[in-house]
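Have a look at the structure below, then the notes.
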Amino acid sequence: MDWCHYRFRSRWDLDAPPAAVFAVLANGDDYPRWWPQVREVRRIDERSGAARFRSLVPYDLRLIVSEARQDPSEGVLEIGFAGDLEGRARWTVLPQGTGTRALFEQEVVARKPLLRRLALIGRPVFRVNHTLMMRAGLRGLRAHLAARTAGPAGAPSGPASGPPGGNAV
């Protein structure tokens with residue numbers, strides 16, 4: 001077993017239309033506004049960016065994130081990672097009742113030397129760290145979507161629009 005290899009899956013059920021959820025997830029530039037552990041996103045070009053993540057465990061992960069696929073009709077967003085983690089992540093956004101189910105799948109290999117040195121003993125901690133990050137992301141996205149829907153003084157703000165062009169994170 002490669003102790004530096006990780007697979008993660010999360011399911012987020014949201015009270016918002018799939019198009020609104022897809023638009024927010026496709027706009028990587030705004031992740032730091034609603035996901036506390038996404039500390040920084042800096043665009044490199046139309047399809048890639050540099051990102052810095054930090055959750056409960058006191059270390060930063062620095063990545064170059066590149067858009068691999070953005071398909072609103074299928075509800076699929078895919079990105080590739082390089083840097084402290086190498087691999088890919090995929091969001092699949094699907095209608096679920098009156099809302100949306102967003103499925104997150106990630107497969108990565110830790111490349112950061114500290115993570116590799118601590119792989120065997122740190123693995124359970126790294127997995128819990130990821131779980132806590134995903135929970136915070138879900139809370140942040142729910143609040144962000146609710147604020148977009150409510151608009152000023154509780155008035156609906158209209159449908160969400162997607163980002164122009166590709167988006168990396």
- Query: Within a strict 4.5 Å, meaning less than it, do heavy atoms of the Val109 and Leu85 side chains meet?
  - Reply: no
- Indicate yes or no for a side-chain donor-acceptor contact from Asp30 to the backbone of Arg33 under 3.5 Å, with no hydrogens or angles considered. no
- Query: Do Val24 and Arg148 come close enough that some side-chain heavy atom pair is under 4.5 Å?
  - Reply: yes
- Partners passing salt bridge (charged side-chain N to carboxylate O under 4.0 Å, His left out) against Glu107 (at least two apart in sequence or in another chain): Arg7
- Trp35 side-chain N/O to Leu138 backbone N/O, donor-acceptor pair under 3.5 Å: no
- Item | Minimal non-hydrogen separation, Tyr6 against Ala110, with atom names | CE1-CB, 4.4 Å
- Query: Does some side-chain heavy atom of Val108 sit less than 4.5 Å from a side-chain heavy atom of Glu86?
  - Reply: no
- Pairwise ring-ring contact (aromatic ring centres under 6.0 Å, His included) hits with a residue in residues 103-125, at least two apart: Trp91-Phe104
- So, do Val125 and Arg123 sit near enough that their side-chain heavy atoms are less than 4.5 Å apart? no
- Message: Between Arg90 and Val76, is there a side-chain heavy-atom distance shorter than 4.5 Å?
- Response: yes
- Query: Of all residues at least two apart in sequence or in a different chain, which pass the salt bridge (charged side-chain N to carboxylate O under 4.0 Å, His left out) check with Arg11?
  - Reply: Asp13
- To the nearest 0.5 Å, tell me how far Leu94 CG sits from Phe22 CZ. 11.5 Å
- Under 3.5 Å, side chain of Thr100 to main-chain N/O of Val21, donor-acceptor pair present? no
- Answer yes or no: is there a donor N or O on one side and an acceptor on the other, between the side chain of Asp84 and the main chain of Arg62, under 3.5 Å? yes
- Please indicate whether Asp15 has more than 12 foreign heavy atoms, meaning atoms of other residues, nucleotides or ligands, lying under 6.0 Å from its CG. no
- Task: Decide whether Phe126 and Leu114 are clustered together by the hydrophobic rule: side chain heavy atoms of Ile, Leu, Val, Met, Phe, Trp, Tyr closer than 4.5 Å, transitively.
- Result: yes
- Would you say the side-chain atoms of Thr149 pair up with the backbone N or O of Leu145, donor to acceptor, closer than 3.5 Å? yes
- By salt bridge (charged side-chain N to carboxylate O under 4.0 Å, His left out) - contacts of Arg127 (at least two apart): none
- Short question: side chain of Arg9, backbone of Gln106 - any donor-acceptor pair under 3.5 Å? no
- Item | Spacing of CE belonging to Met134 relative to CG belonging to Leu132, to within rounding of 0.5 Å | 11.5 Å
- Look at the aromatic rings of Phe8 and His130 and report parallel, tilted or perpendicular, splitting at 30° and 60°. parallel
- Message: Below 30° counts as parallel, above 60° as perpendicular, anything between as tilted: where do the rings of Trp34 and Tyr31 land?
- Response: tilted
- Message: Suppose we screen for ring-ring contact (aromatic ring centres under 6.0 Å, His included). Which residues come up paired with Phe81, at least two apart in sequence or across chains?
- Response: none
- What distance do Arg111 atom CZ and Leu61 atom CG have between them, rounded to the nearest 0.5 Å? 13.5 Å
- Query: Which heavy atom in Val65 sits nearest to a heavy atom in Ala51, and how many Å separate them?
  - Reply: CG2-CB, 4.2 Å
- Is the closest side-chain heavy-atom distance between Leu141 and Leu25 below 4.5 Å? yes
- Task: Work out which heavy atom in Cys4 is nearest to a heavy atom in Ala119; give both atom names and the distance.
- Result: SG-CB, 3.7 Å
- Note on the structure: Rounded to the nearest 0.5 Å, the OG atom of Ser10 sits from the CE atom of Met133 at a distance of 10.0 Å
- Residues forming a salt bridge (charged side-chain N to carboxylate O under 4.0 Å, His left out) with Asp71, sequence neighbours excluded: Arg69
- Message: Taking the side chain as everything from C-beta on, heavy atoms only, tell me whether Leu115 gets closer than 4.5 Å to Leu118.
- Response: no
- Could you walk me through whether Arg39 and Asp60 pass salt bridge (charged side-chain N to carboxylate O under 4.0 Å, His left out), step by step? CA-CA 9 Å; Arg39 301 299 175 97; Asp60 287 351; 5.9 Å; no
- Can you measure from CD (Gln70) to CD1 (Ile79) and round to the nearest 0.5 angstrom? 11.0 Å
- Query: For the hydrophobic clusters of this structure (ILVMFWY residues joined by side-chain heavy atoms under 4.5 Å, transitively), does one cluster hold both Tyr59 and Ile121?
  - Reply: yes
- Message: Tell me the closest heavy-atom pair linking Pro95 and Pro18, and the distance in Å.
- Response: CA-CG, 3.8 Å
- Message: Could you check whether any side-chain N or O of Arg101 sits under 3.5 Å from a backbone N or O of Val93, counting only pairs where one atom can act as donor and the other as acceptor?
- Response: no
- Measuring from Gln37:CD to Leu56:CG, what's the distance to the nearest 0.5 Å? 9.0 Å
